[in-house]
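These notes are about the structure you will find just below.
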Amino acid sequence: MSDHITTINSIFEQKSLDKNSLLRKINEAMAVLSIGEQLELHCLLSTEALVGLYETIGEIDINSQAKEHITWHYFKQRLLVESSIVGDDFLKDLLSVYEVTRYLALESLIIELLKTFRITNEQLVKIEDNVKSKTFLKESILYKYRSYIVRDNKLTKDEVIELLNLRAYHILDFALESNAVSVEGLNQLILPIVTSADKKRKEGLYNKAKSKLKENF
């Protein structure tokens, strides 16, 4: 760790500093960091310095990408101490910052919450009110399908077709392993033509569907 990073960490240990003095010292320390050092800063900060920089991020003269990294790392560290389903306060804070910054790093964190089932359906509604990207909307659809399958529902023909169009092969594989595809849905998982995109993935689904169909008859 460079002396400059150590200096930044030590600044936040000085409890006697008023806000103006704190900001002056931080900006002086930031001024001697290269862009590369600023971009790596987030993973070298003490917990106290990370929180302090996050809380004053709008008043610090620092590279915009470094600001995004610090903001992401702040929420990532908070996430580590959240329960299996994140609290409403955490989600509110995350969405309020995302709404202002539109940081892709925060969007990736939100998508991670979907993929790991760390939100409730009610929380998903709040997220959908704030996040509108194509990537998120696709992941939201897949989250709903995973939840649907876990509740012992069977995918219909139309639902299988939609998942194929989304190239959501992992969801279809999960559904097959969970015996959660209707006979009509299984019949949509056909042997792909030689030039088909994702041929191997589709062949794998076809073989599993074929086995399931034999079990049904």
Side-chain angles (χ1 to χ4, degrees), residues 1-137 139-140 143:
M1 185 184 299
S2 74
D3 291 341
H4 303 314
I5 306 298
T6 302
T7 297
I8 291 171
N9 283 331
S10 67
I11 290 170
F12 287 96
E13 296 172 1
Q14 301 174 37
K15 306 299 183 183
S16 60
L17 290 176
D18 59 37
K19 185 176 181 181
N20 288 335
S21 298
L22 176 72
L23 289 173
R24 177 176 55 78
K25 283 180 173 288
I26 289 298
N27 280 317
E28 287 173 354
M30 290 295 180
V32 299
L33 295 180
S34 67
I35 297 298
E37 288 174 318
Q38 289 185 14
L39 293 175
E40 295 176 354
L41 178 62
H42 65 285
C43 57
L44 300 173
L45 295 169
S46 66
T47 300
E48 196 170 21
L50 175 63
V51 173
L53 281 178
Y54 169 78
E55 290 177 344
T56 55
I57 199 76
E59 300 171 88
I60 296 172
D61 187 12
I62 187 174
N63 176 271
S64 59
Q65 277 189 291
K67 285 186 178 182
E68 181 171 354
H69 289 175
I70 290 168
T71 303
W72 168 81
H73 195 55
Y74 167 79
F75 280 105
K76 186 71 173 177
Q77 293 305 112
R78 276 186 63 180
L79 187 56
L80 293 177
V81 297
E82 286 289 312
S83 58
S84 56
I85 299 297
V86 300
D88 289 338
D89 288 342
F90 172 85
L91 188 61
K92 181 181 177 181
D93 291 346
L94 178 60
L95 290 176
S96 65
V97 176
Y98 175 79
E99 189 174 9
V100 173
T101 64
R102 297 294 169 182
Y103 285 153
L104 289 178
L106 294 186
E107 183 178 316
S108 72
L109 195 56
I110 292 167
I111 289 172
E112 180 184 328
L113 297 179
L114 282 178
K115 288 184 172 181
T116 54
F117 287 93
R118 297 196 64 181
I119 60 168
T120 65
N121 290 334
E122 291 75 18
Q123 289 174 327
L124 178 58
V125 172
K126 294 177 182 178
I127 296 173
E128 288 176 331
D129 287 339
N130 290 273
V131 188
K132 305 293 185 181
S133 73
K134 289 182 179 180
T135 301
F136 169 76
L137 291 176
E139 291 298 335
S140 176
Y143 167 85

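Every value quoted in this text rests on a predicted model; they were computed, and no experiment measured them. Throughout, residue positions are numbered sequentially from 1 according to the sequence presented.
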* To do: Could you check L91, V131, N130 and say which one makes a side chain to side chain contact (heavy atoms under 4.5 Å, CB included) with I110?
  =>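 Result: among L91, V131, N130, V131 is the only option passing the side chain to side chain contact (heavy atoms under 4.5 Å, CB included) with I110.
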
Any donor and acceptor pair, going by atom type alone, linking the side chain of [X] with main-chain N or O of [Y] inside 3.5 Å?
X	Y	answer
R118	S84	yes
S133	F136	yes
E37	S34	yes
N63	I35	no
Q38	A66	no
Y143	L124	no
E68	L104	yes

When you compare the side chain of [Y] with that of [X], does any pair of heavy atoms fall below 4.5 Å?
X	Y	answer
E112	L79	yes
E59	N27	no
I26	F12	yes
L41	I62	yes
V51	L45	no
K76	L80	no
L53	Y74	no
D93	V97	no

Give me the atom names and distance for the closest heavy-atom approach of [X] to [Y].
X	Y	value
L17	S21	CD2-CB, 3.9 Å
L44	N9	O-ND2, 3.4 Å
W72	S108	NE1-OG, 4.4 Å
E107	Y98	OE1-OH, 3.2 Å
R78	F90	NH2-CA, 3.5 Å

* Asked: Will you find, in the side chains of S140 and E128, an N or O donor that is under 3.5 Å from an N or O acceptor?
  ->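 Their side chains do contain a donor-acceptor pair, which is all the 3.5 Å distance test asks for.
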
* **Note: K19-E55 ion pair, threshold 4.0 Å (strictly below)** => no

* Asked: Should the pair K126-E122 be classified as a salt bridge under the 4.0 Å nitrogen-to-oxygen rule?
  -> no

* side-chain contact (heavy atoms from CB on, under 4.5 Å) between T7 and V32, worked out -> CA-CA 11 Å; T7 297; V32 299; over 6 Å; no

* Using a cut-off of 6.0 Å, state whether more than 12 heavy atoms not belonging to D61 lie near its atom CG. =>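 No, not enclosed.
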
* **D129 atom CG, over 12 foreign heavy atoms within 6.0 Å** => yes

To the nearest 0.5 Å, what is the distance between [atom1] ([X]) and [atom2] ([Y])?
X	Y	atom1	atom2	value
M30	I8	CE	CD1	4.0 Å
I57	I70	CD1	CD1	4.0 Å
E28	I11	CD	CD1	8.0 Å
H42	Q77	NE2	CD	9.5 Å
I119	L114	CD1	CG	4.5 Å
H69	L39	NE2	CG	6.0 Å

* **Pair Q123-I85, side-chain contact (heavy atoms from CB on, under 4.5 Å): steps then yes or no** => CA-CA 10 Å; Q123 289 174 327; I85 299 297; 3.8 Å; yes

* Asked: Under the side-chain contact (heavy atoms from CB on, under 4.5 Å) criterion, do Y54 and L50 qualify, and how do the steps go?
  -> CA-CA 6 Å; Y54 169 78; L50 175 63; 5.5 Å; no

